[in-house]
Amino acid sequence: MKKEPKKKSTLWPNVKKTWKFLKEGKKYLIFYIIVSILEGILGAIYPIISAKIILHITSGAMSQVLLTAGIVFLLDFLYSISSMFKTKLYNKVYRHVAVNIQTEIAKETLKLEISEVDKASSGVFIDRLNKDTADISGVFMEYTYWLSNIISKLGILYAVFCLNKYMFIYSVVMAGILFFMDKKRLAKQYEVQKIGRELHEKKTSITGELVRGIRDIKVLNASKNILEQTTKRIVDTSNEEMKFISIRAKYQFFKEMIRNICEFLFLFLGCGLYTKGLLSLPNFVIIYHYEWQIETLLMGIAQIMEFNKKFDLVSGRIFEVIEDEKYQKEKFGTTKVEKLTGSIQFKNVVFSYDDNHNILNKMNFEIEPNQKVAFVGKSGAGKSTIFSLITKLYTIKKGSILLDGHKIEDLDESSLRDNMSIITQNPYIFNFSIKENLLLAKKDASLEEIREACKMACIDDYIMSLDDGYDTLVGENGVILSGGQKQRLAIARALLMKTEIILFDEATSALDNETQEEIQRAISNLQGEYTILIVAHRLSTVVDSDKIFVVDNGKIVDSGTHKELLKKSTFYKSLYDKDLNV
Ligand code: ADP
C-alpha cells in the first residue's frame, strides 16, 4: 500500500501568527515568562536544599537542619507570591489573545463569500469563534508553564545525578518508557479530537436552528423530528468525546501498571546498590523521596507535545477562517466611484450556484439612471438572483455586469456597497432598538433624519405609536414587527443611506392590502429620484414601471412597459391574468 505523504506541520507558522494577536499583551507575557523561569529555578533548587535537610538529620546536625528549614520556608514563600502574580498575568495575556483573535474571526467571517456561507453550516464559524479561540488563547502560557516545569525537573535530575549515577541512569530510562507511552496516546487522541470538533460544529448548527426556527418547528409540529436530529448530533458528539476519554483512560491504566513496575524495580535496584555499598542510606532516602517526580520527568515534554497537537488542530481551524485558502473571501477591484448614477447593464451574464446548473443563461438587459424597473416571471426564474449579482453577493461565471460603464469586479467595495441598498423579502432586523437598527445604515444620522426617512417609508406613525417609540427593542430578527413593517423599516434604512440604486425584492407572502398600499406609497415617494429595481411577485404592483423585464429560465424573454407587453407578450399577459385572479 502506498504511504500517504506526511502532512507538513503548521504548528510553528501558526504559533507565529497567533503571536501577532497578542499585541499590547506582549509585555504581560514577558513578565509571565520571567516569573515562570524564576519559579522553575526555585523548583530546581528546592529538592537539592530539602535533600540537605535529610542529610543533616541523618548526621545529627540539628542547627544545620533548622537553618536549611528556614531557607526552604523562604523558598515556599517566594513560590506562593510568584504563583499569585502568575495567575494575574495569565488572565491578562489570555484576554488579549482571546479578544483580538475573536474580533479578527468576526471581521473575516463578514468578508466571506456568501457561497462559502451557503455551503458551510453556521456552527463552523460559531465554534471557531468561541470554542477554538478559547483553546488557543492560553498557548503561550501553556508553553511557559511546561518550560518552567521542565526546568524544575531538570534540577531534580541533576540532584539525582550528583547523588548516584546508577539511579540517575535508571531514572532516565524509566522516564523515557513512560514518555513513549504518552507519545503513542497523543497520536491516537489527535484523530478522535479532530472528528470530535467537526461533530461539535454540527451540534452547534442544529441547536442554533432549533432556537431560531422555534416558531416554524412548533407550527409544523416538528418538535419530535427536530429533537430526534438534535439528539443524534448530541449523541454523536458525546460518543466521540467518550472515545477520547476512553483512550486516555486505557493508556492511563497501562501507564500506571508500568509505573508500579518501575517503582518496584526502583526499590529493587536501590536495595541491590545499597547491599553492594554503591548507594548510601541517606542518598537512598532522598532519591526515594523524589522518585515520583523523577517518573514524571519527561511528562512536561509529553504535555508540550499534547498541547502542540491540540494547538495544531485548533489553530488550523481558526486560520482557515481568518485566511483565504479554505473559505474564500470577497474580492473587489480598485476603481473608486463616489456616486454611481444608476446605469446598470448585464451583458451575456452566465451564473450558477453550484457550477453545474446555470441559473442565468446569457442574460442581457440595460437600465438607465432614475428609472423604475421591474423584473417579473415565474417563481424560480432567477429574478432574485439578478439582485444578488448586482450587489455582488455572488460572482458571475461569464459575461459582464457594468455599473456606470465600470465592470462590477473593478469597483472597490465602498463604490459598490455605498451606492446601492437592497430590501429583501425578509429583511434581517437586529435585536437592537428601532433607532439602532436605522443607525446601522447611517451611523451619525440625527433623529430628525431618521424620522424623515421613516415618514417616507410610511413607518413613522407606527413607530411613534409604540410606548418606547424609536427606542423600542424589536427582538431577534425583529420578531415584534410584521413582514410589511420590517420591509418598510428596511426601506427607511435604504433611504438613510441615500443610495442611488435601490433594489426591492417584493415579499412573496401575501401582505394585506393596506400594508401593500403603504409599501407602494413608500416606493412611489422615491420614484424619479432613484434608480429603483423591483422583483415583482405580483404584477399589479409594478404596472407603472418605466420598464418591465420578463424573466424566464434565466433569460430576459421580453421587455417594455406594461401596456406594450400586454400587446406583444402572450407570456406576460398570461402572468398578468393569473395575477389578477389571485
Ligand atoms: P425567483 O426570484 O425568480 O423566484 P431565484 O433567483 O430566487 O428565483 O432562484 C432561481 C433558482 O436558483 C431557483 O431554482 C433556486 O432554487 C436557486 N437558488 C436560489 N438561491 C440559491 C442558493 N443560495 N443556492 C443554490 N440555489 C439557489
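Small disclaimer: the values here were computed from a predicted structure and weren't measured. Atoms within each ligand, like the ligands themselves, are counted from 1 in listed order.
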- [ ] Establish, yes or no, whether the cationic atom of Lys309 lies under 6.0 Å from the six-membered ring centre of Tyr190 and within 45° of the ring axis.
- [x] yes
Open item on the list: Counting only nitrogen or oxygen atoms and a 3.5 angstrom limit, does Ala381 reach ligand 1?
Closed with: yes
Open item on the list: Salt bridge or not between Arg128 and Glu201? Use side-chain N to carboxylate O under 4.0 Å.
Closed with: yes
Open item on the list: Whether the side chain of Arg493 engages the backbone of Leu438 through a donor-acceptor N/O pair (distance < 3.5 Å, no angle test) should be reported.
Closed with: no
Open item on the list: Residue-level breakdown please: for Phe351 versus ligand 1, do any non-hydrogen atoms fall below 4.0 Å on the side chain, on the backbone, on both, or on neither?
Closed with: neither
Open item on the list: Distance under 4.0 Å to a non-hydrogen atom of Lys378: what atoms of ligand 1 satisfy this?
Closed with: 3 (O)
TODO: Take Tyr572 and His562 through the test ring-ring contact (aromatic ring centres under 6.0 Å, His included) and record every step on the way to the result.
DONE: CA-CA 9 Å; Tyr572 180 80; His562 172 64; 5.7 Å; yes
TODO: Check whether any protein heavy atom sits under 4.0 Å from atom 1 (P) of ligand 1.
DONE: yes
- [ ] For Phe125 and Tyr327, run ring-ring contact (aromatic ring centres under 6.0 Å, His included): C-alpha distance rounded to whole Å, both residues' side-chain angles, the deciding distance at 0.1 Å, then the answer.
- [x] CA-CA 11 Å; Phe125 305 108; Tyr327 299 107; 5.4 Å; yes
Task: Lys392/Glu330 salt bridge by N-O under 4.0 Å criterion - done: no
Open item on the list: Under 4.0 Å, counting heavy atoms only: does Tyr394 come that close to any atom of ligand 1?
Closed with: yes
- [ ] Please could you name the atoms of ligand 1 that Ile359 approaches to less than 4.0 Å, counting only its heavy atoms?
- [x] 10 (C), 11 (C), 12 (O)
Task: Salt-bridge criterion met for Glu320 and Arg317 (N-O under 4.0 Å) - done: no
Task: Nearest candidate to atom 9 (O) of ligand 1, where distance is taken over non-hydrogen atoms, out of Val376, Thr385, Asp118 - done: Thr385
Open item on the list: Nearest non-hydrogen contact with atom 14 (O) of ligand 1 belongs to which option: Gly380, Gly554, Gly377?
Closed with: Gly380
Task: Any Ser379 heavy atom less than 4.0 Å to ligand 1 - done: yes
